[in-house]
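The chains referred to below are lettered A, B, ... by the order of the sequence lines, with proteins before strands, and numbering in each begins at 1.
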Number of protein chains: 2
Amino acid sequence: MKLADARNEFIAKWGAFGSHWGINRTMAQIHALLLISAEPLSQDDIMEQLNVSRGNANMNIRELIDWGLVDRVIISGERKEYFVAEKDIWKVATQIVKERKKRELDPMMKVIESLEHVEGDKKDPAFKQFNETISGIKHFGKQADKMLDVMVKADENWFIGSLMKFFR
Amino acid sequence: MKLADARNEFIAKWGAFGSHWGINRTMAQIHALLLISAEPLSQDDIMEQLNVSRGNANMNIRELIDWGLVDRVIISGERKEYFVAEKDIWKVATQIVKERKKRELDPMMKVIESLEHVEGDKKDPAFKQFNETISGIKHFGKQADKMLDVMVKADENWFIGSLMKFFR
DNA sequence: CTGAACTTTCAAAATATATTGAAAGTTTAT
DNA sequence: ATAAACTTTCAATATATTTTGAAAGTTCAG
């Protein structure tokens with residue numbers, strides 16, 4: 001397989017993969033393109049290579065910057081802005097974990113906590129089941145939260161190394 | 001807050017939460033409803049409580065069964081089928097991990113592996129970057145894979161207990 | 001200050017996804 | 001074998017999300 005085909009395949013598949021994860025196709029494709037680009041790319045480069053409109057490119061580049069996955073770089077003597085992706089996959093993963101925890105797990109846990117003390121009849125099975133479910137989710141959420149925090153703060157070698165040794 | 005309101009709030013929020021995770025709103029709501037129901041529910045119960053159509057309820061119940069999150073139960077003397085959700089949140093989580101690994105991570109890793117040996121010029125920076133990115137993803141994917149396998153096979157007390165002790 | 005280079009916005013259009021409900025299919029008791 | 005009870009399907013419809021591109025906004029060199 002030729003490099004050009006392999007690059008296209010990677011971009012297409014990473015785009016499709018991203019869409020299972022709440023990241024839209026263009027955003028994942030731009031990310032993929034930047035991941036395999038040795039040099040910074042301008043917005044026009046991205047528009048051209050992926051065949052997307054100016055607005056779409058702009059919006060999704062900003063979103064990637066917002067997620068901490070892409071940085072702006074300035075090239076001296078150039079007027080345009082250029083963009084590069086964080087290439088270290090461990091950092092990419094921890095960054096995504098961190099953002100999703102902030103955007104999804106944390107708000108969910110606040111809701112769960114607000115549902116912990118509900119009025120009701122202790123004899124009512126519906127009441128019992130509701131409380132048991134909520135407290136089970138809360139318990140699980142707290143554990144997950146701790147673990148994700150450790151992961152986000154750790155560096156790869158320490159984390160993976162530790163886990164691997166631990167799990168034999 | 002009254003139980004009825006709390007239940008509605010939980011169903012609504014679990015539904016919204018699910019949609020960040022590639023699970024559609026109705027599917028997540030049915031799951032939420034079953035999680036807090038002490039008794040098995042029929043399809044008609046679900047349709048009525050969530051105000052969804054027959055087809056929609058049917059399709060999403062089947063999907064939940066497919067994901068291993070809901071079971072059919074028969075109540076003796078009754079013609080109708082009833083449904084219950086797995087209530088143990090740890091089991092719910094491992095089941096989801098298992099399915100998503102199978103549906104998403106495994107196919108992605110196959111693609112990555114197919115992109116490992118591409119023709120190209122070793123001096124070309126684009127070629128180098130492509131190969132580095134692919135091999136970084138592969139390496140990370142393998143570690144993630146092992147870890148998820150351990151998690152799926154472990155039981156909660158062992159897994160969480162171990163991690164907590166380990167991470168102090 | 002001016003205008004060229006560049007970036008951002010956003011309403012309209014296109015696309016993708018979810019939902020409905022009536023019709024077709026299946027199962028079971030008699 | 002029949003028909004009532006129940007389940008599944010699927011084309012049409014509704015809803016939600018993504019994409020476009022022209023217009024408005026910004027920055028900066030001269």
Side-chain angles (χ1 to χ4, degrees), chain A residues 11-34 40-67 70-84 100 103-104, chain B residues 11-34 40-67 70-84 100 103-104:
Chain A
I11 290 168
K13 290 293 165 57
W14 196 256
F17 189 61
S19 64
H20 287 290
W21 287 85
I23 284 162
N24 80 49
R25 206 175 76 247
T26 305
M27 183 172 159
Q29 286 183 349
I30 294 174
H31 188 219
L33 174 60
L34 289 171
L41 301 182
S42 69
Q43 179 169 309
D44 288 275
D45 294 334
I46 292 170
M47 284 163 58
E48 193 186 344
Q49 296 205 43
L50 300 179
N51 278 294
V52 295
S53 70
R54 185 164 298 286
N56 196 10
N58 187 269
M59 166 178 273
N60 285 295
I61 291 169
R62 272 189 300 120
E63 190 86 6
L64 284 163
I65 292 172
D66 224 56
W67 274 74
V70 165
D71 287 329
R72 291 175 209 272
V73 297
I74 35 163
I75 295 191
S76 61
E78 289 261 14
R79 187 75 176 281
K80 249 184 282 199
E81 289 183 327
Y82 285 76
F83 304 95
V84 282
R100 297 199 74 165
R103 294 166 195 228
E104 294 154 27
Chain B
I11 290 168
K13 290 293 164 57
W14 195 257
F17 190 61
S19 65
H20 289 291
W21 287 85
I23 285 163
N24 80 50
R25 207 176 71 248
T26 304
M27 185 173 158
Q29 288 183 351
I30 294 174
H31 188 220
L33 174 61
L34 289 171
L41 300 182
S42 69
Q43 179 170 310
D44 289 275
D45 294 334
I46 292 168
M47 285 163 59
E48 193 187 342
Q49 296 205 42
L50 300 178
N51 278 295
V52 296
S53 71
R54 185 164 299 283
N56 194 12
N58 187 269
M59 165 177 274
N60 285 296
I61 291 169
R62 273 189 300 121
E63 191 87 6
L64 283 163
I65 292 173
D66 223 57
W67 275 74
V70 164
D71 288 330
R72 290 177 210 270
V73 297
I74 35 162
I75 294 191
S76 61
E78 289 261 13
R79 190 74 178 278
K80 250 183 282 198
E81 289 183 327
Y82 284 77
F83 304 94
V84 281
R100 297 198 73 160
R103 294 165 194 229
E104 295 154 26

**Study point:** Toward the 5' end of DNA chain C, by each residue's nearest nucleotide, A:Glu78 or A:Arg25
**Key:** A:Glu78
Check your understanding: Whole Å only: how far is the CG atom of B:Leu64 from the P atom of C:dA18?
Key -> 14 Å
Practice item. Nearest whole angstrom, please: distance from the P of C:dA18 to the CD of B:Gln29. Key: 13 Å
Review point. Rounded to the nearest Å, what distance is computed from the CD1 atom of residue A:Ile61 to the P atom of nucleotide D:dT19?
Key: 13 Å
Practice item. Nearest whole angstrom, please: distance from the P of D:dT7 to the CG of B:Leu41. Key: 13 Å
Practice item. Look at the side-chain N and O atoms of A:Thr26 and state whether any lies under 4.0 Å from the OP1 or OP2 oxygen of D:dT19. Key: yes
Check your understanding: Quick one: is D:dT8 close enough that its OP1 or OP2 comes under 4.0 Å of any side-chain N or O from B:Asn58?
Key -> yes
Practice item. Please examine the side chains of B:Met47 and B:Asp44, heavy atoms only from C-beta on, and report whether any two atoms are closer than 4.5 Å. Key: yes
**Study point:** Gap between atoms CD1 and C1', on A:Ile46 and D:dT19 respectively (whole Å)
**Key:** 16 Å
Practice item. Measure from CE on A:Met59 to C1' on C:dA12 and round the result to the nearest Å. Key: 14 Å
Exercise for review: Could you tell me whether A:Glu81 contacts a base, only the sugar-phosphate backbone, or nothing, with contacts defined as non-hydrogen atoms closer than 4.0 Å?
Suggested key: sugar-phosphate
Review point. Looking only at atom types and distance, does a side-chain atom of A:Asn60 sit under 3.5 Å from a main-chain N or O of A:Asn56, one as donor and one as acceptor?
Key: yes
Study note, to complete from the structure: Rounded to the nearest 0.5 angstrom, the NE2-CG distance for A:His31 and A:Leu34 is 7.5 Å
Check your understanding: Which atom names give the shortest non-hydrogen contact between B:Ala16 and B:Ser19, and what distance separates them?
Key -> O-OG, 2.7 Å
Practice item. Return the value, rounded to whole Å, for the distance between atom CG of A:Asn60 and atom P of D:dT18. Key: 9 Å
**Study point:** Phosphate OP1/OP2 of D:dT9: any B:Arg62 side-chain N/O under 4.0 Å
**Key:** yes
Exercise for review: Using heavy atoms to find the nearest nucleotide of DNA chain D for B:Phe83 and A:Arg54 separately, return the residue whose nucleotide is more 5′.
Suggested key: B:Phe83
Point to revise | Side-chain donor/acceptor of B:Arg79 to base of C:dT27, under 3.5 Å | key: yes
Review point. Between A:Lys80 and A:Gly55, who's closer to the 5' end of DNA chain C by nearest nucleotide?
Key: A:Lys80
Exercise for review: Measure from CG on B:Asn24 to C1' on D:dA14 and round the result to the nearest Å.
Suggested key: 15 Å
Check your understanding: Within the pair A:Asn56 and D:dT20, is there a side-chain N or O less than 4.0 Å away from OP1 or OP2?
Key -> yes
**Study point:** Distance in Å, A:Leu41 CG paired with A:Ile30 CD1, rounded so as to fall on 0.5 Å steps
**Key:** 10.5 Å
Revision key, fill the gap. Considering only heavy side-chain atoms of A:Ser53, the closest of D:dG21, C:dC6, D:dT8 is D:dG21
